[in-house]
Amino acid sequence: MSSKSRSKRKPDQFDFVDKGANDSDSSESEESVYSGLEEEPDTSEEDQEQSSNQSDNDSSDNDDDEDITLDDKSGLELSTEQRKELSTASDDELNEINDQRYTGNVKSQNRKQRKQITVKTADRPDEYDYDSSDEEDIRNTVGNIPLEWYREYPHIGYDIEGNRLLKPEKGDQLDEFLSKMDNPNYWRTVTNKMTGQNVVLSKEDLGLIQNLQSSKHPDSMAENYQPWIDFFTHEKMIHPVTNHPQHKRSFIPSKWEKLKVGQMVHALKMGWMKPTKAKTEEEEEENFYMLWKEDEESEITRRYRAHLPAPKMPLPSHAESYNPPPEYLLTKEEEEKWQNMEPEERRMNFLPQKYSSLRLVPAYKRFINEHFERCLDLYLCPRKPKIRMNINPEDLIPKLPKPRDLQPFPTAQAIVYRGHSDIVRTISVDPTGQWLVSGSDDGSVRFWEVSTGRCMKSITMETGSLGNMCIRSVAWNPHPDVSLVAIAMGQTVILVNPGLGDKMVTNNTDNVLHSFSPTEEESTGKKVYADWSSIDTSDKRFENGFRLLLQHPKEVSQVTWHGRGDYFASVMPKGDSMSVLIHQLSRRRSQNPFNKSKGMVQCVLFHPVRPFLFVATQRYVRVYNLLKQELSKKLMTNCKWVSSMAVHSGGDNIIIGSYDCRLSWFDLDVSTKPYQTLRHHKRAVRAVNYHKKYPLFASASDDGTVIVCHGMVYNDLLKNPLIVPVKILKGHAISHDLGVLDCVFHPSQPWVFSCGADTTIRLFT
């Protein structure tokens, strides 16, 4: 093809040039001139006609003039040597030079008009400087596809001509941080996802976004409401809106107001209604005062004198860590239990949670609530100074002696007495400590030798006139010269001579009982509370040891002897005013010390030295003086139901057991309330007992244990008794929810006997 034909090509056609390795510069210049992001210039029909006419005129010129004209149009400055080379070159060489020189500008020249313009290599302009289109940005023509597909490619899409749109260069996180610190417009810079460019929002754009977030009109200049037109104005109009006539009540005085005013005038005349006094200037002034201020002290001195700092919040524990140890985490059952509890009862007001890192910890939901409550506490709660006492906590605990220093006391089980077939309810030891008597629900009374555990004698009670065969209580006469045992069974109290031990003592007891002869005064006495009857020698029961029978009106639950052995008392809980009867053995008479019922009596005891009688009801213990026949004291047990009672050998201290697992020690010389309450047992306390010689006392409970305590009573009245638990004795089995029912100390040795629902009697030494 000739140079003329090459130069006469239509300018609106495109040159498709193969870009080789040597044309890298031309490709860069091509992208720099037109990257596909600029708007295409509009080419009207007139411009096309001018370009076609101009091309015809240019074709008629000579070749040299054409080349020079092209050089001028290209806007390239050529030296004289280059002009000579171009003039002497052939047409083919000239065309090759032109192709190499103007390859990068072919596309822009075919788009633009055929006139003299200067083509310069410039930076890529910012599209947002002149973009005023409200339509969707269509420079990136990838369509409705995810832009994440271009994440691994250097381009972000294609323009309308099919050319790639390269991603703008982005720095690393360090550059991002430096831009964040140095660039003042960083906070208003956003990224266009379609082109990847950063756009700085203007004030109008920020105002538009803020209006949209606050649900307002996007345009801040627009008015949301129409201007208000007051039609019903006070100004008189030529044509009023409403022209209805006025109502009659608007110009006639009200009858009801006339009556009300008349009443008020009458009240003012009579002095019933007084006008309000005008406030003075001092009263009108509002007086402010401090709520906690003292009367005669300035605020400044008060603050400096008694400054009370706010209490510090406690430091967080291990459970409040974001990665707590496993033992602090709650299980599902514990979480459900925690959620079901009341907020005041929860040990922690939060649930411990575990996170692998601190970045994953969410915001605390109750942060504002807890700080608000903290502010309320500091603001509303008055603070008061407290004087702290620097005391070692160990000094507050009483220093008790060691149990090994308090010996002797029973520590081990020595002998088990077996023979009863049912529950053993009661036991008693004779004054010498050689024999033991026991009563059981099987209706038998057994006499045992303490040292060997052998049953020396057994008496089986016969039902019939005696009623119930259950043995409720047995008591050995404490007088050493009398061999008698009182047995309570049903409504009868039986006096039995066991015939054990010294023959002279047993014979002397029978002689004393047979020598009794009733007097005339006693035979014609007053009311008979108990029926006394003696057993004839010809009766079979005489051989078993039966000597006297006392018939009571109600069932007897307890029998107890006086220290001298002549008086004994019986308790009938359902006897009302006859609940307690005192019997005299030598004169064989009974008397009722009370005229009125004091409640359901549980047990009674005689004072070992003085003429006092202790009567225990469900809630109280009353101490009566038998000589003066009056109430001496009333002890407050602080328990629900008294079960048993024991008196110290000195007579100034007593212990009380109750069914609510308490054991109370009373010092009669100090107070009517318990000196000390022990809660060692887990179940009901059935029996309590003092040792006559050693400072020991024991308690038996339904939990199957006997607890032995050291209870030292000093002669010095200024010294309090010393109470120390020393031993828990186990051995009895629990049967029918019953454990140990009775316990008794040996009269001379530090031994304790116990009987229980397992039909056994045990000796602990």
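Since we're looking at a predicted model, the values are computed, not measured.
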Counterpart residues, salt bridge (Lys or Arg N to Asp or Glu O under 4.0 Å), relative to D576 (two or more places apart): none
Close side-chain approach of W561 to P478, heavy-atom, < 4.5 Å: yes
Check whether any side-chain heavy atom of L550 lies under 4.5 Å from a side-chain heavy atom of H583, and answer yes or no. yes
Distance only, no hydrogens: is a donor on one side chain within 3.5 Å (strictly under) of an acceptor on the other, for W532 and S590? yes
Only distances under 3.5 Å count here; give the side-chain donor-acceptor pairs of residues 640-655 to other protein atoms, sequence neighbours excluded, each with its distance to 0.1 Å.
residue: W641; atom: NE1; partner: Q602; partner atom: OE1; Å: 3.1
residue: S643; atom: OG; partner: G657; partner atom: O; Å: 2.9
residue: S643; atom: OG; partner: V685; partner atom: O; Å: 2.5
residue: S644; atom: OG; partner: V688; partner atom: N; Å: 3.4
residue: H648; atom: ND1; partner: G650; partner atom: N; Å: 3.0
residue: N653; atom: OD1; partner: W665; partner atom: NE1; Å: 3.1

Give the intermediate values and the outcome of side-chain contact (heavy atoms from CB on, under 4.5 Å) for residues W448 and L763. CA-CA 12 Å; W448 312 83; L763 170 63; over 6 Å; no
Here's a test for you: under side chain to side chain contact (heavy atoms under 4.5 Å, CB included), which of I471, V556, V493 qualifies with I487? I471
Are K554 and Q491 packed together at the side-chain level, in the sense that at least one heavy-atom pair is separated by less than 4.5 angstrom? no
Determine, step by step, whether H552 and T492 satisfy the side-chain hydrogen bond (donor to acceptor under 3.5 Å, both in side chains) criterion, reporting the C-alpha distance in whole Å, the side-chain angles of both residues, the deciding distance to 0.1 Å, and the verdict. CA-CA 6 Å; H552 290 71; T492 308; over 6 Å; no
Would you check if the side chain of W751 reaches a backbone N or O of F409 as a donor-acceptor pair within less than 3.5 Å? no
Kindly write out the residues that satisfy side chain to side chain contact (heavy atoms under 4.5 Å, CB included) with S557, not counting sequence neighbours, or none if the list is empty. R472, V571, P573
Taking salt bridge (Lys or Arg N to Asp or Glu O under 4.0 Å) as the test, write out the residues that go with R662, two or more places apart. none
Can you tell me which residue pairs pass the side-chain hydrogen bond (donor to acceptor under 3.5 Å, both in side chains) test with a partner in residues 737-749, sequence neighbours excluded? H746-S748
Rounded to the nearest 0.5 Å, how far does OG1 of T705 lie from CD1 of I728? 6.5 Å
Would you please name every residue forming a salt bridge (Lys or Arg N to Asp or Glu O under 4.0 Å) with R454, sequence neighbours left out? E449
Using side chain to side chain contact (heavy atoms under 4.5 Å, CB included) as the criterion, list what pairs up with N340, not counting sequence neighbours. none
With a 4.5 Å limit on heavy-atom distance, are the side chains of W435 and M456 in contact? yes
Would you call the rings of H607 and F612 parallel, tilted or perpendicular if under 30° counts as parallel and over 60° as perpendicular? perpendicular
Take S586 and Q584, measure what side-chain hydrogen bond (donor to acceptor under 3.5 Å, both in side chains) needs, and give me the verdict at the end. CA-CA 6 Å; S586 60; Q584 186 178 4; 3.3 Å; yes
Is the number of heavy atoms from other residues, nucleotides or ligands within 6.0 Å of NZ (K692) greater than 12? no
Work out which heavy atom in T426 is nearest to a heavy atom in S473; give both atom names and the distance. CG2-CA, 3.6 Å
Any pair with a residue in residues 611-635 that passes side-chain hydrogen bond (donor to acceptor under 3.5 Å, both in side chains), sequence neighbours left out, goes on the list, sorted by first then second residue, please. none
N/O donor-acceptor pair under 3.5 Å between N592 side chain and S577 backbone: yes
Closest heavy-atom pair, G499 versus K503, reported as atoms and distance to 0.1 Å, is O-NZ, 4.2 Å
Just by modelled atom types, is the R683 backbone N or O under 3.5 Å from a matching donor or acceptor in the S701 side chain? yes
Correct closest heavy-atom pair for V429 and W476 would be O-CB, 3.6 Å
For side-chain contact (heavy atoms from CB on, under 4.5 Å), just list the numbers for L513 and L548, CA-CA rounded to whole Å, side-chain angles, deciding distance to a tenth of an Å, and then say yes or no. CA-CA 9 Å; L513 293 177; L548 292 173; 4.1 Å; yes
For L330, give me all partners under side chain to side chain contact (heavy atoms under 4.5 Å, CB included), at least two apart in sequence or on another chain. E334, E335, L351, P352
Residues passing the ring pair (Phe, Tyr, Trp, His ring centres under 6.0 Å) test with Y567, sequence neighbours excluded, are none
Verify side-chain contact (heavy atoms from CB on, under 4.5 Å) between I723 and L678, making sure each step is shown before the conclusion. CA-CA 10 Å; I723 302 173; L678 306 179; 4.1 Å; yes
Going by atom type alone, with no hydrogens or angles, which donor-acceptor pairs under 3.5 Å involve a side-chain atom of residues 439-446 and a protein atom two or more places apart or on another chain?
residue: S440; atom: OG; partner: D422; partner atom: O; Å: 3.3
residue: S440; atom: OG; partner: I423; partner atom: O; Å: 2.8
residue: S440; atom: OG; partner: D442; partner atom: N; Å: 3.3
residue: S440; atom: OG; partner: D442; partner atom: OD1; Å: 3.1
residue: D441; atom: OD1; partner: R425; partner atom: NE; Å: 2.7
residue: D441; atom: OD2; partner: R425; partner atom: NE; Å: 3.0
residue: D441; atom: OD2; partner: R425; partner atom: NH2; Å: 3.2
residue: D442; atom: OD1; partner: S444; partner atom: N; Å: 3.1
residue: D442; atom: OD1; partner: S444; partner atom: OG; Å: 2.8
residue: D442; atom: OD2; partner: S421; partner atom: N; Å: 3.0
residue: D442; atom: OD2; partner: S421; partner atom: OG; Å: 3.2
residue: D442; atom: OD2; partner: S444; partner atom: OG; Å: 3.2
residue: S444; atom: OG; partner: H420; partner atom: ND1; Å: 3.3
residue: R446; atom: NH2; partner: G419; partner atom: O; Å: 3.2

Cut-off 3.5 Å, side chains only: do D481 and N508 have a donor facing an acceptor? no
Non-hydrogen side-chain atoms of F753 and I415 separated by less than 4.5 Å: no
Under a 4.5 Å cut-off applied to non-hydrogen side-chain atoms, are L663 and F697 in contact? yes
Whether over 12 other heavy atoms sit under 6.0 Å from N595 CG: no
With the side chain counted from C-beta on, respond yes when P431 and P747 share a heavy-atom pair under 4.5 Å apart, and no when they do not. no
If you take all heavy atoms of F447 and P498, which pair is closest and at what distance? CE2-CB, 3.6 Å
Check: G433 main-chain N/O paired with D430 side-chain donor or acceptor under 3.5 Å: yes
Distance-only, no hydrogens or angles: does the Y675 side chain make a donor-acceptor pair with backbone N or O of P721 under 3.5 Å? yes
So L436 and I761, do their side chains get closer than 4.5 Å, heavy atoms only? yes
Taking CG in L631 as the centre, count heavy atoms belonging to other residues, nucleotides or ligands within less than 6.0 Å. Is the count above 12? yes
After noting the C-alpha distance and the side-chain angles of N477 and L495, does the key distance pass the side-chain contact (heavy atoms from CB on, under 4.5 Å) rule? CA-CA 10 Å; N477 193 315; L495 297 181; over 6 Å; no
Would you name the heavy atoms of F666 and T637 that are closest together and state the gap between them? CZ-CA, 3.7 Å
Any pair with a residue in residues 398-416 that passes side-chain hydrogen bond (donor to acceptor under 3.5 Å, both in side chains), sequence neighbours left out, goes on the list, sorted by first then second residue, please. Q413-R762
Locate the shortest heavy-atom distance separating N638 from P674; write the atom from each residue and the value. ND2-CD, 3.5 Å
